[in-house]
Amino acid sequence: MTDFISFKGVHKRYGHHSVLTDFDLTVKAGEKVTLIGPSGSGKSTVLRILMTLEPFQEGTVAIDGLSYHEPSSKAPFFASERHLRQVRKNVGMVFQSFNLFPHMTVMRNLMEAPMSVLGISKDEAADRATKLLEMVGMQAKAQSFPGQLSGGQQQRVAIARALAMRPRVLLFDEPTSALDPELVGEVLSVIRSLAHEHDLTMLLVTHEMRFAKEVSDRVCFFDGGKIVEQGSPDQLFSAPEHARTRTFLSSVLEGAR
């Protein structure tokens with residue numbers, strides 16, 4: 001597998017506060033990588049940069065060789081909106097808070113972006129949406145509005161909506177953190193199926209450690225804007241090498257009991 005996602009020497013600051021410092025990460029095509037760590041450690045910022053929702057001050061980011069900054073530009077770290085739209089076509093993101101359009105039906109939520117951004121026909125968008133709703137078990141709710149759905153159902157629709165754009169990379173930012181505990185399982189089941197049955201490159205931020213162990217090819221532990229330790233799920237969860245990793249896992253796993 002080749003390097004598909006690449007962060008090299010990335011610095012991200014808010015004023016004088018550094019979130020990522022000289023950050024490096026590579027992800028292979030088709031690899032499933034989970035980012036774990038304490039709140040504020042920079043995990044979600046990595047996803048937001050990949051989704052072009054956050055600029056960064058130094059370093060390079062690329063997906064399949066396409067840089068997030070235009071090499072021809074004389075201004076450092078500049079990318080036009082047109083260039084960012086090209087980058088964005090490769091990436092889909094599922095947020096904590098669903099972000100569905102409340103005034104649109106479930107079906108229309110899935111059809112809107114493929115028609116307006118990708119320019120596909122209404123019939124093709126409807127066919128694509130129908131198949132995706134079947135995949136996430138939401139076909140019976142196609143004509144419902146988001147406000148008529150449970151949180152778990154809304155998140156399953158959000159996953160289908162992200163897939164409707166046919167992304168090559170799918171990002172999950174704490175996809176179950178806004179759900180009631182009894183609804184978490186239905187969303188994790190959909191993500192688990194995606195991870196096991198599809199050749200998507202996936203980056204996940206989650207506090208669900210058992211789930212991370214099940215779906216990941218690699219787990220990265222973040223702290224202070226850096227990757228402290230990374231490895232296979234078996235290695236990182238069973239025999240972490242770094243004391244900070246051991247402390248974090250002990251705290252999280254103890255709290256889950």
Side-chain angles (χ1 to χ4, degrees), residues 1-8 10 20 23-38 41-51 60-66 87 90-96 135-136 155-156 158-160 162-163 165-177 184-223 225-242 244-246 248-249 252-253 256:
M1 292 190 292
T2 58
D3 288 343
F4 188 65
I5 297 171
S6 172
F7 284 74
K8 293 183 179 177
V10 171
L20 299 176
F23 177 75
D24 295 329
L25 174 68
T26 57
V27 179
K28 305 291 186 184
E31 191 177 14
K32 280 67 177 172
V33 177
T34 298
L35 314 179
I36 65 171
S41 58
K43 310 180 301 297
S44 293
T45 300
V46 170
L47 302 192
R48 291 179 64 81
I49 287 173
L50 277 176
M51 195 63 205
T60 60
V61 177
I63 287 184
D64 197 21
L66 179 63
V87 171
N90 289 315
V91 189
M93 188 164 177
V94 178
F95 299 87
Q96 299 178 28
M135 188 183 78
V136 300
Q155 194 61 294
R156 283 190 278 159
I159 292 169
L163 290 169
M165 294 294 287
R166 300 272 172 90
R168 302 172 73 190
V169 178
L170 194 55
L171 312 175
F172 294 90
D173 187 11
E174 296 282 9
T176 61
S177 66
V184 168
E186 65 184 75
V187 173
L188 295 184
S189 178
V190 170
I191 300 172
R192 190 180 292 112
S193 295
L194 281 176
H196 292 157
E197 298 170 15
H198 297 267
D199 194 31
L200 279 166
T201 305
M202 293 170 58
L203 264 72
L204 305 97
V205 171
T206 184
H207 287 296
E208 302 282 347
M209 296 299 123
R210 183 182 299 176
F211 174 69
K213 190 171 183 179
E214 289 178 11
V215 303
S216 308
D217 298 309
R218 178 161 47 110
V219 178
C220 302
F221 171 63
F222 270 67
D223 195 33
K226 289 180 176 289
I227 295 176
V228 174
E229 184 173 353
Q230 60 184 305
S232 70
D234 284 343
Q235 182 271 312
L236 193 116
F237 287 114
S238 301
E241 296 178 358
H242 199 283
R244 181 69 186 92
T245 314
R246 291 194 294 271
F248 173 79
L249 290 175
V252 171
L253 296 174

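Only heavy atoms go into these numbers, but all of them, side chains included; no hydrogens, no water, no symmetry mates.
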>> What's the separation between atom CD in E229 and atom SG in C220, rounded to the nearest 0.5 Å?
In response: 10.5 Å
> Is any side-chain heavy atom of M202 closer than 4.5 Å to a side-chain heavy atom of I191?
Replying inline: yes
>> Quick one, T206 with L188, criterion side chain to side chain contact (heavy atoms under 4.5 Å, CB included). Give me CA distance, side-chain angles, the key distance, then yes/no.
In response: CA-CA 11 Å; T206 184; L188 295 184; 5.6 Å; no
> Which heavy atom in P167 sits nearest to a heavy atom in A162, and how many Å separate them?
Replying inline: CD-O, 3.3 Å
>> Do F172 and I159 make a side-chain contact, defined as non-hydrogen atoms from C-beta onward lying under 4.5 Å apart?
In response: yes
> Which atom names give the shortest non-hydrogen contact between L203 and V46, and what distance separates them?
Replying inline: CD2-CG1, 4.4 Å
> Relative to each other, are the rings of F7 and F23 parallel, tilted or perpendicular (30° and 60° limits)?
Replying inline: perpendicular
> Checking side chain to side chain contact (heavy atoms under 4.5 Å, CB included) for the pair V33/I5: CA distance, chi angles, key distance, verdict?
Replying inline: CA-CA 11 Å; V33 177; I5 297 171; over 6 Å; no
>> I want to check something: taking the side chain as every heavy atom from C-beta on, are V252 and I36 in contact at a cut-off of under 4.5 Å?
In response: no
> Going by heavy atoms in the side chains, are I49 and L20 under 4.5 Å from each other?
Replying inline: yes
>> What verdict does the side chain to side chain contact (heavy atoms under 4.5 Å, CB included) test give for V27 and V169, after you've listed the backbone C-alpha separation in whole Å, the side-chain angles of each residue and the deciding distance to 0.1 Å?
In response: CA-CA 10 Å; V27 179; V169 178; over 6 Å; no
>> Let me confirm one number: the CG-OG1 distance from D3 to T26, rounded to the nearest 0.5 Å.
In response: 4.5 Å
> Which residue pairs satisfy the ring-ring contact (aromatic ring centres under 6.0 Å, His included) criterion with at least one member in residues 188-219, sequence neighbours excluded?
Replying inline: none
> Roughly how far, to the nearest 0.5 Å, is the CG atom of L204 from the CG atom of L170?
Replying inline: 8.0 Å
> Can you name the nearest heavy-atom pair linking R244 to D223, along with the distance?
Replying inline: NE-OD2, 2.9 Å
> At their closest point, which heavy atom of D24 faces which heavy atom of I227, and how far apart are they?
Replying inline: O-CD1, 3.8 Å
> Nearest 0.5 Å, what's the OG1-CG distance between T201 and D64?
Replying inline: 9.0 Å
> For V91, does its backbone N or O pair with a side-chain atom of R168 as donor and acceptor, under 3.5 Å?
Replying inline: no
> Counting N and O atoms only, with roles assigned by atom type, does the side chain of Q235 sit under 3.5 Å from a partner on the main chain of A239, one being a donor and the other an acceptor?
Replying inline: yes
>> For F222 versus P38, what's the shortest heavy-atom pair and its separation?
In response: O-CD, 3.3 Å
>> If I compare all heavy atoms of A212 with all of P233, which pair ends up nearest, and what's the gap?
In response: O-CG, 4.4 Å
> Could you go step by step and tell me if Q155 and T176 meet the side chain to side chain contact (heavy atoms under 4.5 Å, CB included) rule?
Replying inline: CA-CA 8 Å; Q155 194 61 294; T176 61; over 6 Å; no
>> Holding to side-chain contact (heavy atoms from CB on, under 4.5 Å), I want the full list of residues that pass it with D217, two or more places apart in sequence or in another chain.
In response: E31, K32
>> Going by the rule side chain to side chain donor-acceptor pair (under 3.5 Å), which residues pair with Q230 if we only count those two or more places apart in sequence or in a different chain?
In response: R218
> Tell me the salt bridge (charged side-chain N to carboxylate O under 4.0 Å, His left out) pairs involving residues 187-215, sequence neighbours left out?
Replying inline: R192-E214
>> Test of understanding: with side-chain contact (heavy atoms from CB on, under 4.5 Å), list the residues that count as partners of S44, not counting sequence neighbours.
In response: D173, V205
> To the nearest 0.5 Å, how far apart are CE in M209 and OG1 in T34?
Replying inline: 8.5 Å
> Rounded to the nearest 0.5 Å, how far apart are OG of S216 and CG of L35?
Replying inline: 9.0 Å
> Tell me, do M93 and L50 make a side-chain contact under 4.5 Å, heavy atoms counted?
Replying inline: no
>> Test of understanding: with side-chain contact (heavy atoms from CB on, under 4.5 Å), list the residues that count as partners of A62, not counting sequence neighbours.
In response: none
